[in-house]
Participant: 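Before I ask anything, let me first share the structure, which is written out below as structure tokens.
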Number of protein chains: 2
Amino acid sequence: MSDEKPRRTRAEQRRETEARILAAARATFAELGYERTTIRGVASAAGVNAGLVMHYFGSKEELFSRAAMLPEEELPVGHPAEALLTSLRRRLDDEPVASLVVLRSMLTHAEASGEFRVAASAWLDRVGAAIPAADAELRAGLISAIINGVVLDRYLLKLSSLADAPADDILALLRPCFESLAGESG
Amino acid sequence: MSDEKPRRTRAEQRRETEARILAAARATFAELGYERTTIRGVASAAGVNAGLVMHYFGSKEELFSRAAMLPEEELPVGHPAEALLTSLRRRLDDEPVASLVVLRSMLTHAEASGEFRVAASAWLDRVGAAIPAADAELRAGLISAIINGVVLDRYLLKLSSLADAPADDILALLRPCFESLAGESG
DNA sequence: GTCTATACATCGATAGAC
DNA sequence: GTCTATCGATGTATAGAC
């Protein structure tokens, strides 16, 4: 009687709103961390009501999981050092926000939800396997630590000259480090 | 009529209790971060009442500032790379807890309180001044990032093999990195 | 000096109206 | 599909008794 026109199905409308909420959640979790992010705040940022967020996601925890979910990162092939530098570059340029959600959330919340820990662990295994050395695991761990530290200082703490420096300069200075850690020498 | 004996003056008693509260606060902030730390929890850990903590420190924010206050770290003299490795070693062995309060708190809270940012900035300036290169500031920032990343992965995220590795092994693998970043080559 | 009692705010979550 | 109303829990902070 009313809407004959194929404007939007209910399902479409829902997916659209859900996507808006997820985007707002991602941004807020990245900026404030888990604890300081409120359902009300996310809802407000998405232009909807707090009750609706709960209705869609059920709980704050679930909303967080959905928002922090990342497409698993595949390691580029080639010389390990170069591949890792490429990986770092992507995290510096393409998706600083995505990196932030994971990094900040691991610190404010995720001691409990071991999701990230397994993901990080898998990444470490792959890196370690690509390094020809007896202490490959430790070397992989150090490379991961360096990447985390750079993202941390640059985007979270906004410390030092790292925040302003071009990604190219950072990569150039870090290249010897990565080669030393991932290189062929045992 | 009652206490003639010089057991403890009221001021002494207060300082003692205050110290106990501060120790508990430090440990709790390090473990849980700012948001998840509660006055009640700190008070309970210190064996006193929550009201007393407020009475002494006035607010959670003030308690946090006092607890996170660190003796400013002087940079060892000598070759910059060696001095920085020594600095890292101290943070790995001597006082992981102290490092954690600052690091974790910068992430869960301290975007606001710029105290740490100035402290870190001063440290960076000193490191930068010791590096003979045109881009000394960026190099100092990267070294700081590496140190932060290592402490982060080892003690906060407890990720990877970093958590279990002996400090000596970590330092040995990192030495070329530090030399490359703080070295004489421009 | 230390503790009890409580005011006041905020948040996550639920139930139900429209 | 979306919003209002509200419950229950928790936390900071205050006032005052002992």
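Sequence lines set the chain letters: A, B, ... in the order given, protein chains first and strands last, and positions in each chain run from 1. Computed from heavy atoms alone, side chains included, the values below leave out hydrogens, waters and symmetry copies. Model, not experiment: these values are computed from the prediction.
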Participant: By salt bridge (charged side-chain N to carboxylate O under 4.0 Å, His left out), which residues pair with A/Arg20, not counting sequence neighbours?
Facilitator: none
Participant: Would you please name every residue forming a salt bridge (charged side-chain N to carboxylate O under 4.0 Å, His left out) with B/Asp168, sequence neighbours left out?
Facilitator: B/Arg89
Participant: Heavy atoms under 4.0 Å is the rule here; annotate nucleotides 12-18 of chain C 5' to 3' with B where the base is hit, S where only the sugar-phosphate is, and - elsewhere.
Facilitator: BSB----
Participant: Would you indicate what A/Tyr56 reaches in the nucleic acid, counting non-hydrogen atoms under 4.0 angstrom: base, sugar-phosphate, or nothing?
Facilitator: sugar-phosphate
Participant: Over how many whole Å does the gap from B/Glu18 atom CD to C/dT2 atom C1' extend?
Facilitator: 14 Å
Participant: Using the side-chain heavy atoms of B/Val48, tell me which of these nucleotides is nearest: C/dC3, D/dC3, C/dG1.
Facilitator: C/dC3
Participant: Can you list everything that forms a salt bridge (charged side-chain N to carboxylate O under 4.0 Å, His left out) with A/Glu62? Sequence neighbours excluded, please.
Facilitator: none
Participant: Can you confirm whether B/Leu174 sits close enough to B/Leu88 that some side-chain heavy atom of one is under 4.5 Å from a side-chain heavy atom of the other?
Facilitator: yes
Participant: Using the salt bridge (charged side-chain N to carboxylate O under 4.0 Å, His left out) criterion, which residues pair with B/Arg15? Sequence neighbours excluded.
Facilitator: none
Participant: Regarding A/Ala11, tell me which of base, sugar-phosphate or nothing describes its non-hydrogen contacts under 4.0 Å with the strands shown.
Facilitator: sugar-phosphate
Participant: Under 4.0 Å between a side-chain N/O of B/Arg10 and OP1 or OP2 of C/dG1, yes or no?
Facilitator: yes
Participant: Report the residues that fulfil ring pair (Phe, Tyr, Trp, His ring centres under 6.0 Å) with B/Phe178, sequence neighbours left out, ordered by chain and then residue number.
Facilitator: none
